[in-house]
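Encoded as structure tokens, the structure appears first; notes follow it.
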Amino acid sequence: MKPARVRFAPSPTGHMHLGSARTALYDYLFARQTGGQFILRIEDTDQKRYVEGAEQELLDGLHWLGLEWDEGPDKGGEYGPYRQSERKEIYQRYARKLVESGHAFYCFCTHEHLQKVREEQIRNKETTKYDGTCRDISLEEADRRIRNGENHVVRFKTPKTGTTTVHDLLRGEIVVENSSLDDSILVKSDGLALYHLAAPVDDHLMEITHVLRGSEWLPTFPLHSLIHKAFGWQEPVWVHLSVFLKPSGKGKMSKREASDLAKDGKSIFIKDLRELGYLPEAVINWIALMGWSYDDHTEFFLLDDLVEKFSLEKLNPSPAAINFTKFDYFNGLHIRNLSIPDLTDRIHPFFVEKGYKPDREKLEQIAPIIQERLQTLDDAPELAGFMFEDDVVINPAELIAKNTTQAESFTILKEIHQVLLQLPQINHETAEPPMRELVEKLGYKPGQIFGILRVAVTGRLVSPPLFETMEIIGKEKVISRIEDAIKMLESYT
RNA sequence: GCCCCCAUCGUCUAGUGGCCCAGGACGGAGCCCUCUCAAGGCUCAAACAGGGGUUCGAGUCCCCUUGGGGGCACCA
């Protein structure tokens with residue numbers, strides 16, 4: 001396979017979300033797979049929509065996901081600059097070429113005129129488009145008016161008749177009537193290029209071989225293709241990725257809906273996912289499979305597997321609804337795939353966040369017994385935080401085992417106390433056999449006996465495996481908690 | 001309104017004319033395992049949007065309808 005040059009070209013206008021992350025992922029995979037380059041280009045030609053910090057968030061997001069780029073605004077490269085706001089003169093030069101070759105024209109129409117035309121078209125139930133007022137102004141006259149300081153933009157001179165055929169890798173040929181196309185603006189009156197000009201020019205100059213972008217670009221795809229043709233450039237391979245739909249499948253996620261997700265511990269924004277306890281590995285695995293598949297039985301992928309197995313041909317052109325439930329599943333899968341030291345490192349900040357002061361050694365003992373119980377890293381403190389607490393809060397009613405009376409449970413608890421007290425230390429090997437014997441001796445169900453012990457030691461009905469938990473807490477604390485529980489049960493009415 | 005794209009279980013999908021009375025995964029139901037919760041194992045329910053063609057044969061090709069999505073800015 002020939003080395004591909006692929007670009008991820010986000011605009012710094014908001015938070016990086018799942019859709020752009022997936023585009024970046026596919027870009028990365030294809031570049032790495034072919035031994036080519038993954039290029040980061042910031043499309044910030046619209047200063048009005050520019051959001052402070054958005055570019056940094058993009059870089060952070062890509063780093064977190066492990067999608068390292070080869071050329072970009074922070075890394076440099078032979079094809080820079082990689083920020084479109086720094087390429088203004090380049091676009092102007094190419095716009096001029098287009099005008100001189102008759103593929104574009106200067107337009108002096110005012111907003112008022114344009115507005116009037118549009119309103120009239122709406123009134124007549126016609127398609128709203130540029131009326132062509134300045135289309136045939138000679139270059140000489142246009143230059144004169146420009147020298148006189150007249151406000152102007154550059155528009156593409158779209159053919160009025162015939163059809164334009166474009167080729168998308170996933171959809172094949174798309175044929176559109178040129179009459180349905182507009183004379184789109186390429187350069188604004190402030191001299192800055194619009195996406196329609198900037199992207200084709202950059203893609204050509206940066207020698208991009210494959211353009212992977214969202215399907216929202218499909219309507220303007222013919223324009224972009226026409227621009228390449230007007231310059232006489234070879235077009236890149238075009239791949240329009242499907243969009244992500246909200247979980248219901250009904251439309252794209254609105255800003256409001258996106259922020260509402262946070263209440264459920266979900267988010268479509270990459271920056272949120274980390275603190276919600278999701279693994280970058282899980283994000284990668286999950287989004288890779290929304291619009292791409294490998295075969296009908298492999299679903300667990302690490303980034304390197306994907307580099308090897310990815311293929312443009314298996315991309316799916318239909319829109320996909322975001323399924324957070326499956327995301328949780330993948331997150332659990334990847335948590336279970338982590339080594340204990342790695343898991344320990346990753347859950348550490350979540351304990352700190354909750355106000356615990358976990359020491360590394362103890363946390364590393366805890367990690368293996370909660371590993372298969374975690375859906376997100378964020379679950380860890382809730383599951384095991386009590387192991388760092390001096391005292392647990394016990395609800396005495398919970399000390400009474402199912403199908404026993406208070407007196408019976410009280411007796412059981414005292415028996416448990418006696419058995420454990422005699423052990424030199426408490427762990428899985430030393431404590432389980434005698435406890436099983438006790439179960440036999442007293443004639444209750446294991447669940448009843450262990451249930452009482454669980455509540456006494458952990459203060460909760462649900463916990464990691466009992467014996468491992470007691471080992472970590474230590475005999476001294478276990479015994480004292482049981483003694484507290486005995487007192488509590490004795491006086492409970 | 002106009003233009004464009006898409007269409008298999010609730011969701012993500014496999015399927016490129018016979019291997020499909022449609023396979024996998026998540027989720028759901030049930031069972032097993034079991035000290036709770038998980039994890040794991042097994043089983044079950046669950047789909048080719050509709051109608052026309054083409055063909056010996058259509059989920060797979062073509063057309064229409066319907067549904068869904070996207071776009072119609074001096075935004076990207």
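In this text, all values refer to a predicted model and were calculated from it rather than measured experimentally. Values below: every heavy atom of this structure, side chains too, minus hydrogens, waters and symmetry copies.
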* Asked: Closer than 4.0 Å, any side-chain N/O of A:Ser293 to the OP1 or OP2 of B:A14?
  -> yes
* **Counterpart base for B:U11, defined by Watson-Crick or G-U wobble contacts under 3.5 Å** => B:A25
* Distance in angstrom units between A:Glu120 CD and B:G1 P, rounded -> 22 Å
* Asked: Under the salt bridge (Lys or Arg N to Asp or Glu O under 4.0 Å) rule, what pairs show up with a residue in residues 318-331 of chain A, not counting sequence neighbours?
  -> A:Lys266-A:Asp328, A:Glu299-A:Lys326
* Asked: Of all the choices, B:A25, B:C74, B:G71, which nucleotide is nearest to the side chain of A:Glu299 once you look at every atom?
  -> B:A25
* Hey, is A:Glu89 close enough to A:Arg96 for a salt bridge, meaning N to O under 4.0 Å? -> no
* Structure fact -> Of the candidates B:G68, B:A76, B:U36, the side chain of A:Arg373 sits closest to B:U36
Under-3.5 Å N/O pairs linking protein and nucleotides 3-11 of chain B:
from : atom 1 : to       : atom 2 : distance (Å)
B:C5 : O2'    : A:Arg171 : NH1    : 2.7

* Return yes if a side-chain donor-acceptor contact under 3.5 Å exists between A:Arg118 and A:Thr128, otherwise no. => no
* Charged N-O contact under 4.0 Å between A:Glu119 and A:Lys116 -> no
* Structure fact -> In Watson-Crick or G-U wobble terms, with both distances under 3.5 Å, the base opposite B:U54 is none
* Thinking salt bridges, do A:Arg460 and A:Glu398 make one under a 4.0 Å N-O criterion? -> no
* Of A:His297 and A:Glu43, the one whose closest RNA chain B nucleotide lies more 5' -> A:His297
* Asked: Is there a Watson-Crick or G-U wobble partner for B:C31 with both distances under 3.5 Å, and which nucleotide is it?
  -> B:G41
* salt bridge (charged side-chain N to carboxylate O under 4.0 Å, His left out) with A:Glu432: which residues, sequence neighbours excluded? -> A:Arg436
* Asked: Can you name the ring pair (Phe, Tyr, Trp, His ring centres under 6.0 Å) partners of A:Tyr106, sequence neighbours left out?
  -> A:His152
* Any side-chain heavy-atom pair of A:Trp69 and A:Phe8 under 4.5 Å -> no
* **Selection residues 373-383 of chain A - residue pairs positive for salt bridge (Lys or Arg N to Asp or Glu O under 4.0 Å), sequence neighbours left out** => A:Lys354-A:Asp378
* B:G10 and B:G50: how far apart are their P atoms, nearest whole angstrom? -> 13 Å
* Looking across every strand, which nucleic acid part, if any, lies under 4.0 Å from A:His240 by heavy atom: base, sugar-phosphate, or nothing? -> nothing
* If you look at every strand shown and take non-hydrogen atoms under 4.0 Å, does A:Gly291 touch a base, only sugar-phosphate, or nothing? -> sugar-phosphate
Review item, nucleotides 33-35 of chain B N/O atoms under 3.5 Å of protein N/O:
from  : atom 1 : to       : atom 2 : distance (Å)
B:C35 : OP1    : A:Arg436 : NH1    : 2.8
B:C35 : OP1    : A:Arg436 : NH2    : 2.3
B:C35 : O2'    : A:Arg454 : NH1    : 3.4
B:C35 : O2     : A:Arg454 : NH1    : 3.4
B:C35 : O2     : A:Arg454 : NH2    : 2.5
B:C35 : N3     : A:Leu466 : N      : 3.3

* To do: If a pair satisfies salt bridge (Lys or Arg N to Asp or Glu O under 4.0 Å) and one of its residues is in residues 213-228 of chain A, list it, with sequence neighbours excluded.
  => none
* Under 4.0 Å between a side-chain N/O of A:Lys48 and OP1 or OP2 of B:C75, yes or no? -> yes
Could you run down the sub-3.5 Å N/O contacts of the protein with nucleotides 40-49 of chain B?
from  : atom 1 : to       : atom 2 : distance (Å)
B:G40 : OP1    : A:Arg336 : NH1    : 3.4

* Asked: To the nearest angstrom, how far is A:Phe8 atom CZ from B:A76 atom P?
  -> 16 Å
* Asked: In chain order, what residues pass the salt bridge (charged side-chain N to carboxylate O under 4.0 Å, His left out) check against A:Lys157, with sequence neighbours excluded?
  -> none
* **Given B:C74, B:G69, B:C75, the nucleotide with the shortest approach to the side chain of A:Arg49** => B:C75
* Indicate whether OP1 or OP2 belonging to B:A14 is found under 4.0 Å from a side-chain N or O atom of A:Lys314. => no
* Would a line drawn from the ring center of A:Trp286 to the ring center of A:His334 be shorter than 6.0 Å? -> no
* Asked: Listed by chain and number, what are the side chain to side chain donor-acceptor pair (under 3.5 Å) partners of A:Thr344, not counting sequence neighbours?
  -> none
* Pairs in or reaching into residues 179-205 of chain A: which pass salt bridge (Lys or Arg N to Asp or Glu O under 4.0 Å), with residues at least two apart or in two chains? -> A:Arg7-A:Asp203, A:Arg41-A:Asp202, A:Arg41-A:Asp203, A:Arg87-A:Asp202, A:Arg135-A:Asp183
* Asked: Considering only side-chain heavy atoms of A:Val153, which listed nucleotide, B:C37, B:A38, B:C74, is closest?
  -> B:C74
* To do: Within residues 374-387 of chain A, find the residues that approach RNA chain B with a heavy atom at under 4.0 Å, and present them sorted by residue number.
  => none
